[in-house]
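All values below were derived from every heavy atom in this structure, side-chain atoms included, with hydrogens, water molecules and symmetry-related copies excluded. On a predicted model such as this, the values are computed, not experimentally measured, just so you know. The chains referred to below are lettered A, B, ... by the order of the sequence lines, with proteins before strands, and numbering in each begins at 1.
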Amino acid sequence: MSTLALAEIPLDQRRSGYEQLSTASKAMQDDDTSNPGTLTVLDGEALWGRKVGDTGKSCADCHGDATTSMRGVSARYPAFSPAKGRPIDIEQRINLCRTEQQKAAPLAHESRDLLALTTFVGKQSRGMPVAVVNDEKTRPFIEAGQRSYRARQGQLNLSCQNCHDDHWGEKLAGVPLVQGHPNGYPLYRLEWQSIGSLQRRLRNCMIGMRAEPYAYGAEEYVALELFLMWRARGMTVETPAVRP
Amino acid sequence: MSARALINVPRKAKRGEVIEIKTLISHIMETGFRHGTTGELIPRDIITSFTCKYNGEEIFATQLYPAIAANPFVTFHTVATESGTLAFHWIGDNGFEMTEEAKIAVE
């Protein structure tokens, strides 16, 4: 992994986007009754117990109480799926459960129900350290994600690194430029006025660079998500976070 | 899925104490000024009013307008006078209506 250690932010200098929030936005995230992400968590909690699909099973029928069974799970995703032969993110994991166990139709990316379930599952890892696995199976994908993180792309010819490694702490269009850690997703973005996934945020950055975004669920996104989670290893999960 | 509301009221308070009440409700607050991908106007869908009654007496009321962001968060203060119920009521476009209650014990 020597190449991965190059040109990255030293571990002790990494900062969650939380630290660059205004006092008001920090207060909004810290109090569950003012954090709009809580509304989505509650939606997810309701869906967790709802029986769906041809088998008529709910998430709870297999996994029981999410506060124990899902504790720390999101912090480990994207994770390697032996069935798929590649890493899958938490959205794809939930949809695998739906199609294989519940015999139900997969949920669309960024749909209200999928966001609700991923946020509810993500909330169970709140306060825990990001802990994706870096082993011989996942390493090629982490490296692929890192290559796309470093590659210049789009009409503006920018890489992710140009902003998030080289200029974090400065401002971009008047807004604090963050290091770009994925430790709060799905999160409530004030600009969106809704909760959104990491892929929605990546899509946002790609459009900003005038690059063509990948389709939701693309392997390239999952590799990038995996690299970003590895880059944020050990940082605290904040799901559902609040960001401007 | 219906609307969800979160209410934060202290469970206990001393008589005469000023308490903070925080409310958050899920709502898209569609302004009525935006156009869809095919150019048609997206109809307005907002919450128009919110009231809070303390044991039946109105202690807070506000009108809401299209410029207010999604999932309105309204917070206000009142004086804890007696034990009882705080009743919250939101009314909006397309027959939107939502009520919530919270109990408070005043010593």
Side-chain angles (χ1 to χ4, degrees), chain A residues 21-52 58-59 104 107-108 110-120 123 126 186-196 200 203 207 213 240-244, chain B residues 1-13 19-37 42-47 50 52 60 62 64-78 86 88 90 92-93 96 98-104:
Chain A
L21 287 182
S22 67
T23 315
S25 297
K26 279 183 183 167
M28 195 177 183
Q29 173 173 324
D30 291 342
D31 179 357
D32 278 346
T33 52
S34 71
N35 183 340
T38 310
L39 300 165
T40 308
V41 172
L42 293 174
D43 282 347
E45 191 176 14
L47 288 175
W48 184 260
R50 186 173 301 167
K51 295 180 187 301
V52 291
S58 71
C59 307
L107 296 167
E110 299 309 298
S111 63
R112 183 175 170 157
D113 284 3
L114 189 56
L115 283 168
L117 281 169
T118 51
T119 311
F120 175 64
K123 167 79 191 301
R126 199 180 214 190
L187 57 73
Y188 192 90
R189 198 161 178 228
L190 301 176
E191 183 187 313
W192 293 335
Q193 299 197 19
S194 74
I195 202 133
R200 181 173 177 189
R203 184 186 162 83
I207 291 170
V242 172
R243 294 290 184 270
Chain B
M1 235 178 279
S2 58
R4 285 189 184 279
L6 290 169
I7 309 293
N8 190 349
V9 174
R11 257 178 293 173
K12 279 187 196 169
I19 54 166
E20 187 181 24
I21 296 165
K22 296 190 244 185
T23 69
L24 175 68
I25 185 165
S26 67
H27 199 284
I28 56 168
M29 297 295 281
E30 183 59 54
T31 63
F33 297 113
R34 300 197 308 160
H35 295 268
T37 46
I42 304 170
R44 192 184 88 163
D45 183 8
I46 64 168
I47 295 175
F50 167 66
C52 174
F60 182 85
T62 184
L64 289 91
Y65 295 93
I68 291 172
N71 307 316
F73 176 63
V74 178
T75 171
F76 52 95
H77 295 81
T78 191
L86 287 145
F88 305 90
W90 295 263
D93 293 333
F96 180 86
M98 175 89 180
T99 51
E100 277 288 335
E101 280 187 359
K103 299 266 185 225
I104 184 167

CG on A:L39 to CG on B:L6, rounded to 0.5 Å: 5.0 Å

Quick check: under 4.5 Å, non-hydrogen atoms only, which of residues 23-32 of chain A neighbour chain B? A:D31, A:D32

Taking the side chain from A:Q193 and the backbone from B:A70, do they hold a donor-acceptor pair closer than 3.5 Å? yes

Looking only at non-hydrogen atoms, find the nearest pair between A:T33 and B:F73 and report the distance. O-CE1, 3.9 Å

OG on B:S26 to CG on A:L42, rounded to 0.5 Å: 9.5 Å

Which heavy atom in B:L24 sits nearest to a heavy atom in A:P36, and how many Å separate them? CD2-CA, 3.7 Å

